Amino acid sequence: MARVKPKRRGPSMDLTAMSDMAWLLLTFFILTSNFREPEVVPVVTPTSVSNQKMAAENMMIIKIDGEGKFLFGLEEKDRIPTLERMGDKYGVKFTDAEKNAFKSIVEFGVPMKEMRNYLNQSTDKQQSYHPGIPLDTIPNKNQELIDWVFEAKEANPDIFLAIRGDKKFEYKQFKTLIAQLQAKNMNKFQLITSQE
């Protein structure tokens, strides 16, 4: 008599546990990741072939928008000490409410003489108002942007400077900024670009 072969069955696995683990990992990574803060003024950077990455912390960023206006941004922990130092330098006293409002601002482009009015505006008005931080071509004339850089450096000596410029702005603005930084003996900074 012929032997009857039993039907072969493939191994069966319950994938419920694996799908649960995938969802747990996905949830964990979403909840623990740091999202980039939204840009107040969008800037399209020029491309380069550099592979060097920008530091993740201890950064201050000077941004030059498409119209050649200067904006300045700091990390949250450095904002209030730098604002207080700038207030002392320019003779402007800030209230606690204004300091707290400044702490929540990612980047700004407002001269010191307008800073108190700027901080007392609503968030929507703050995001749409950026006349630019003054930087004159004549050394020691109106160097407010350079003052922000050096006061931030005094508040946090470990801070680094990065410059991010829109590819549409005139080179003259960038050249002025570099010349004013070098006049104050600051020759170390990073340029933020997009990769090709």
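Every value quoted in this text rests on a predicted model; they were computed, and no experiment measured them.
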Give, for atom CD1 of Ile61 and atom CD of Glu75, the distance between the pair rounded to the nearest 0.5 Å. 8.5 Å
List the steps, then state whether side chain to side chain contact (heavy atoms under 4.5 Å, CB included) holds for Thr95 with Arg116. CA-CA 9 Å; Thr95 65; Arg116 291 194 69 204; 4.0 Å; yes
Can you get from Leu145 to Tyr129 by hopping between Ile, Leu, Val, Met, Phe, Trp and Tyr side chains that sit under 4.5 Å apart? yes
May I ask you to decide if Leu74's main-chain N or O and Arg79's side chain share a donor-acceptor pair within less than 3.5 Å? yes
Between Asp147 and Lys89, does the side chain to side chain contact (heavy atoms under 4.5 Å, CB included) criterion hold? Intermediate values first, please. CA-CA 9 Å; Asp147 291 340; Lys89 184 168 191 149; 3.4 Å; yes
Same apolar cluster (I L V M F W Y, side chains within < 4.5 Å links), Ile133/Ile163: yes
For Pro134 and Asn142, which heavy atoms make the closest approach, and how far apart are they? CB-ND2, 3.3 Å
Report yes or no: do Ile30 and Trp23 belong to one cluster of Ile/Leu/Val/Met/Phe/Trp/Tyr joined by side chain heavy-atom distances under 4.5 Å? yes
Shortest non-hydrogen contact from Ala162 to Met59? CB-CE, 3.3 Å
Checking Tyr118, Phe102, Phe70 against Phe108 for ring-ring contact (aromatic ring centres under 6.0 Å, His included), the one that qualifies is Phe102
Where do Glu144 and Val110 come nearest, in terms of heavy atoms and distance? OE2-O, 4.0 Å
Is there a path from Phe150 to Ile178 through hydrophobic residues (I, L, V, M, F, W, Y) whose side chains come within less than 4.5 Å of each other? yes
I'd like to know whether NZ of Lys175 has more than 12 heavy-atom contacts from other residues, nucleotides or ligands below 6.0 angstrom. no
Any chance you could measure Ile62, atom CD1, to Leu191, atom CG, to the nearest 0.5 Å? 11.0 Å
Between Ile146 and Leu177, is a side chain to side chain contact (heavy atoms under 4.5 Å, CB included) present by the stated rule, with each step listed? CA-CA 8 Å; Ile146 303 301; Leu177 174 60; 4.2 Å; yes
For a quick test of reading the model, state the closest non-hydrogen atom pair linking Ala152 to Phe72 and the distance between them. CB-CZ, 4.4 Å
With distance as the sole test, does Glu151 use its side chain to make a donor-acceptor pair with the main-chain N or O of Thr82 at under 3.5 Å? no
What distance separates Leu26 CG from Leu31 CG, expressed to the nearest 0.5 Å? 9.0 Å
Once you round to the nearest 0.5 Å, how far does NZ of Lys103 lie from CG of Leu83? 12.5 Å
Pairing donors with acceptors under 3.5 angstrom, does anything connect the side chains of Asp136 and Gln143? no
Distance from Thr176 atom OG1 to Leu135 atom CG, nearest 0.5 Å? 6.5 Å
Within the side chain of Glu114, is there an N or O that forms a donor-acceptor pair under 3.5 Å with the backbone of Pro111? no
Can you list the steps and then say if Asn156 with Lys77 is a side chain to side chain contact (heavy atoms under 4.5 Å, CB included)? CA-CA 9 Å; Asn156 180 1; Lys77 64 181 171 56; 3.2 Å; yes
Would you say that Met86 contacts Trp148 through its side chain, given a criterion of any heavy-atom pair below 4.5 Å between the two side chains? yes
Can Lys125 and Asn120 be counted as having a side-chain donor-acceptor contact under 3.5 angstrom? no
Within the supplied structure, the quantity of interest is the number of heavy atoms (other residues, nucleotides, ligands) at a distance under 6.0 Å from Phe160 CZ; does it exceed 12? no
Looking at Lys69 and His130, what are the two nearest heavy atoms and their distance? CD-O, 3.3 Å
Can you find a side-chain donor-acceptor pair between Ser122 and Asp124 that sits under 3.5 Å? no
Nearest heavy-atom approach of Lys93 to Glu98 is O-OE1, 4.1 Å
So, using salt bridge (Lys or Arg N to Asp or Glu O under 4.0 Å) as the criterion, who are the partners of Lys153 when residues are at least two apart? none
For residues Val92 and Ile80: do they belong to one hydrophobic cluster (side chain heavy atoms under 4.5 Å, members Ile, Leu, Val, Met, Phe, Trp, Tyr)? no
If you round to the nearest 0.5 Å, how far is CG of Asp65 from NZ of Lys168? 10.5 Å
